[in-house]
Amino acid sequence: MEVALAPRQGLSPQWNVDDLHPRRRRWQQRVDCRVGFSGAANASGGVMLGRKFEVEHVLEAQQFDRELLEGIFGVAKEMEAIVEGRSGGGSTMLKGYLMATLFYEPSTRTRLSFESAMKRLGGEVLTTENAREFSSAAKGETLEDTIRTVEGYSDIIVMRHFESGAAKQAAAVSSIPVINAGDGPGQHPTQALLDVYTIQRETGRLDGIKVGLVGDLANGRTVRSLAYLLAKYDGVKFYFVSPDVVKMKDDIKEYLTSKNIEWEESKDLMEVASKCDVIYQTRIQRERFGDKIELYNQARGKYIVDRKVVDVLQSHAVVLHPLPRLDEITTEVDVDPRAAYFRQAKNGLFIRMALLKLLLLGW
Amino acid sequence: MEVALAPRQGLSPQWNVDDLHPRRRRWQQRVDCRVGFSGAANASGGVMLGRKFEVEHVLEAQQFDRELLEGIFGVAKEMEAIVEGRSGGGSTMLKGYLMATLFYEPSTRTRLSFESAMKRLGGEVLTTENAREFSSAAKGETLEDTIRTVEGYSDIIVMRHFESGAAKQAAAVSSIPVINAGDGPGQHPTQALLDVYTIQRETGRLDGIKVGLVGDLANGRTVRSLAYLLAKYDGVKFYFVSPDVVKMKDDIKEYLTSKNIEWEESKDLMEVASKCDVIYQTRIQRERFGDKIELYNQARGKYIVDRKVVDVLQSHAVVLHPLPRLDEITTEVDVDPRAAYFRQAKNGLFIRMALLKLLLLGW
Amino acid sequence: MEVALAPRQGLSPQWNVDDLHPRRRRWQQRVDCRVGFSGAANASGGVMLGRKFEVEHVLEAQQFDRELLEGIFGVAKEMEAIVEGRSGGGSTMLKGYLMATLFYEPSTRTRLSFESAMKRLGGEVLTTENAREFSSAAKGETLEDTIRTVEGYSDIIVMRHFESGAAKQAAAVSSIPVINAGDGPGQHPTQALLDVYTIQRETGRLDGIKVGLVGDLANGRTVRSLAYLLAKYDGVKFYFVSPDVVKMKDDIKEYLTSKNIEWEESKDLMEVASKCDVIYQTRIQRERFGDKIELYNQARGKYIVDRKVVDVLQSHAVVLHPLPRLDEITTEVDVDPRAAYFRQAKNGLFIRMALLKLLLLGW
């Protein structure tokens with residue numbers, strides 16, 4: 001994982017269509033002609049198209065700086081209004097657009113969230129959950145060749161893969177936008193975005209918040225990405241609460257320090273809970289422990305968010321969790337208004353709607 | 001299985017939004033605001049919304065009384081007109097609505113029927129046939145948590161599950177309507193409804209009909225539900241024709257007797273066929289016999305509906321079958337106009353369209 | 001495989017609705033009433049319907065004669081304009097129509113291509129990739145019964161099957177159009193059509209072209225179908241370049257000779273490449289070699305299209321491949337404008353759009 005930031009991938013505003021790889025040129029020209037070079041929004045074919053989105057493909061959390069996040073969150077908020085306020089009919093913003101969900105490993109939750117996002121905007125979906133059979137494994141086709149075929153059938157590709165780096169590999173040859181919906185132990189940027197969005201929506205701010213990260217901090221890509229993204233804000237403080245076997249790794253600690261972000265480790269969940277604005281609980285992943293079942297069971301039972309923990313939370317604080325959960329948050333907590341994890345899951349819908357809109361239509 | 005009737009589940013017309021579980025409140029308010037409190041149909045956002053449907057979730061055949069069945073069948077008839085009469089364009093009644101088909105075991109026939117129903121009305125679908133992987137099995141998520149996630153992505157959930165009672169369990173936490181598309185050995189209420197609808201459509205009436213139930217009467221949930229539902233009508237008489245090993249069970253017999261519904265057992269399919277308005281044939285399910293192959297083969301060949309049986313049927317009588325069939329109805333019967341089983345399968349489409357319309361838009 | 005041509009299957013313009021099998025009558029009447037008996041295009045329900053397409057079901061390449069191919073290619077060209085030129089909104093030509101993709105074996109590439117075609121025209125899709133579970137295998141239902149059920153849910157069936165002849169079997173009972181998307185070692189007519197279409201689009205003509213068929217000519221149904229179809233054109237010449245173990249079979253050679261089509265076998269790919277308008281490369285299929293790995297490896301490495309081969313091509317010539325490829329075309333070739341295989345894959349979209357339009361709406 002890179003510690004250096006690469007805030008705005010994609011083409012700069014000054015790009016020239018002739019600099020582009022021939023395969024990309026046609027698509028860029030299509031976008032251009034829709035967007036208009038003035039950068040102002042205009043109507044073409046009944047659809048309002050805005051200024052080009054700075055990001056061409058959504059590949060990793062590091063692509064997003066503070067300004068870009070704010071912009072995306074603004075669009076996500078509009079999406080919320082579209083979904084909650086819709087009467088029969090719904091949005092037709094992405095009518096005529098086709099999204100291919102190319103999943104090399106099943107992840108029904110993520111897939112449904114993306115497909116719902118596309119359909120809530122009037123777009124259409126081509127689904128495959130067995131992309132592994134599609135190509136490489138069965139007959140030896142390369143990922144690149146698969147992408148070059150699928151880009152002919154669709155307007156945007158949402159890809160889940162079992163190998164780290166697969167999304168970048170796909171984006172390198174794709175003439176249409178690629179969204180990384182998780183690539184193995186690598187990145188899952190839309191999850192990171194929805195986590196930050198949820199904190200802002202629930203607590204009203206991102207600067208100066210205190211965040212307790214609880215559970216498996218060594219293996220969870222979620223908490224690691226979250227730490228990176230929140231480090232872009234001022235006065236954030238982290239508390240790491242985890243069993244010894246799954247402690248936060250040094251790279252993140254060093255990164256935070258280099259950014260002047262305060263962090264401390266703690267063994268006392270109750271005390272952390274009483275101080276924080278956000279408690280971000282995670283699942284201890286059994287699959288990481290192999291046959292060391294005893295270690296797993298020890299780690300798993302150590303920091304549970306239950307009624308007692310919630311009782312010491314400040315009234316404005318929230319409990320988050322990337323889901324699915326086992327018993328690391330007890331179900332008695334669900335009825336508390338500060339239990340925000342199902343709202344968090346729903347925010348995934350709004351963030352994905354926003355990204356689909358931005359990548360296909362611009363700002 | 002309950003023998004007592006619970007005719008109208010769901011909220012009474014006098015419900016108060018504040019009595020509702022918080023999670024349900026927002027949805028109910030949304031429905032209210034669409035429906036208007038006068039109960040009269042009104043137009044909002046271009047879609048006509050009617051009086052609230054008495055049923056919140058479709059979970060079991062016992063929810064439906066005679067009056068409600070009549071109402072649903074009336075809507076199903078309108079749906080037939082929409083499908084058969086449609087010209088390019090089709091209905092957009094459910095435009096903007098999203099149905100999630102959450103199937104914990106595959107049942108392609110039922111799934112396609114529901115998805116066709118939704119799409120024939122202009123609605124959209126999120127599909128999963130491997131919901132088992134989605135959650136519980138793989139990572140230990142509860143059904144309740146899965147429902148709370150999926151309800152954020154969709155407007156109605158159609159659920160197939162391998163465990164009896166799963167649909168009720170889902171409905172208990174869901175803020176959006178749940179339709180039970182079969183829960184293991186439990187209920188499959190839309191099949192029961194389409195069976196009764198088919199009898200009415202084909203013979204013109206339900207009061208006073210004579211119905212021969214043939215085949216596996218011990219294990220078939222279809223014939224058991226059908227007996228319950230038809231017991232709501234006057235002067236119905238049942239004939240049970242089945243191999244000894246799969247005879248109709250005592251609970252149904254006692255229920256019918258308690259409702260003053262006549263029934264008798266018979267070994268003579270020809271005689272029963274000559275008297276009945278409806279012959280409802282079923283498949284002998286091999287999987288119920290374990291390694292007793294000989295018993296299975298005996299039972300299977302015993303009562304076959306063939307040309308000879310059809311020849312003694314009255315001219316207005318019909319042969320039904322829930323499908324799939326093996327050889328319990330010979331293919332030579334297919335061309336007879338009284339062979340109604342494929343029309344019955346198509347009626348499943350109209351009944352499901354009617355239920356989707358009623359649950360989402362009201363009467 | 002038949003050598004005799006059966007150019008126009010389906011009903012002649014003089015057919016009488018009363019001659020039809022009862023199951024087909026209603027659908028034909030529906031079509032009639034849309035099309036109008038004058039044969040002229042007219043508007044009904046906002047959709048323009050044209051003269052009836054001569055083909056009722058798309059089952060095999062032999063159904064298409066030269067005139068029909070020209071007509072289809074003309075429509076495919078219009079489809080290209082619809083896809084490439086579309087602004088937000090897209091075509092709604094097939095709005096309200098439902099296609100069922102009934103796949104008895106997975107073939108994600110073909111499925112996505114058909115589903116994209118349907119959706120690009122505003123139609124909707126019911127998907128099943130596990131049709132094998134649907135019916136026969138699991139519970140013993142016949143293919144005929146499955147078709148009679150699925151035809152009740154949809155307007156057109158795209159079927160992939162593992163057995164040769166399955167598509168014809170389905171078409172024999174179906175009241176709605178069936179498209180064969182590959183039936184085992186049998187036919188894959190839409191692939192054959194897109195190959196010929198690509199040659200015409202890329203080289204501008206079909207009469208008088210020189211075509212080099214390279215690779216596995218014994219087992220590839222693609223090259224065999226291509227030879228049949230191109231034999232309908234004047235002055236075509238074939239060069240067969242293949243390892244000895246997978247040489248072109250005698251039936252095709254004899255057929256070509258009987259049609260006065262020139263062919264010759266060659267061991268010199270470079271020489272053939274320098275003369276031909278089209279080099280059609282194919283994958284050596286490992287699965288055909290069983291445990292004779294050595295033979296496979298020999299055959300596989302023998303005729304590779306690489307930079308050197310492309311360098312001797314004429315400037316107007318093209319390299320085609322049905323995909324997926326392994327290393328029989330090296331990736332360095334991809335950037336050459338004469339590498340047309342990804343455009344060929346995309347042409348599959350246009351051909352399938354054209355067929356869906358023609359089968360559902362007529363010319």
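In what follows, chains carry the letters A, B, and so on, assigned in the order in which the sequence lines appear, proteins first and then strands, with residues in each chain numbered from 1.
Interatomic distance, C:E124 CD to A:E124 CD, rounded to the nearest 0.5 Å: 4.5 Å. The CG atom of A:L126 sits 5.5 Å away from the NZ atom of C:K119 when rounded to the nearest 0.5 Å. Atom CG of C:L112 and atom CG of A:L98 lie 9.5 Å apart (nearest 0.5 Å). The distance from atom CG of C:D327 to atom OG1 of A:T142, rounded to the nearest 0.5 Å, is 11.0 Å. Rounded to the nearest 0.5 angstrom, A:I147 CD1 and C:F342 CZ are separated by 11.0 Å.
With sequence neighbours excluded, the residues satisfying side-chain hydrogen bond (donor to acceptor under 3.5 Å, both in side chains) with C:E115 are C:T101, C:R111, C:T127. Take C:T330 and apply the side chain to side chain contact (heavy atoms under 4.5 Å, CB included) test, not counting sequence neighbours, and it matches C:I304, C:D306, C:E332, C:V333.
Taking 4.5 Å as the limit, every side-chain heavy atom of A:E144 sits out of range of all side-chain heavy atoms of C:D334. Inter-residue side-chain proximity for A:Y153 and C:R109 is flagged as met; some heavy-atom pair is nearer than 4.5 Å.
Taking chain A as the reference chain and counting heavy-atom pairs below 4.5 Å, the highest number among C:T331, C:L326, C:L349 is found for C:L326.
In this structure, the portion of C:R283 lying under 4.5 Å from any heavy atom of chain A is its side chain and not its backbone.
Of all non-hydrogen atoms in C:K346 and A:G152, the two that sit nearest each other are CE-O, 3.3 Å.
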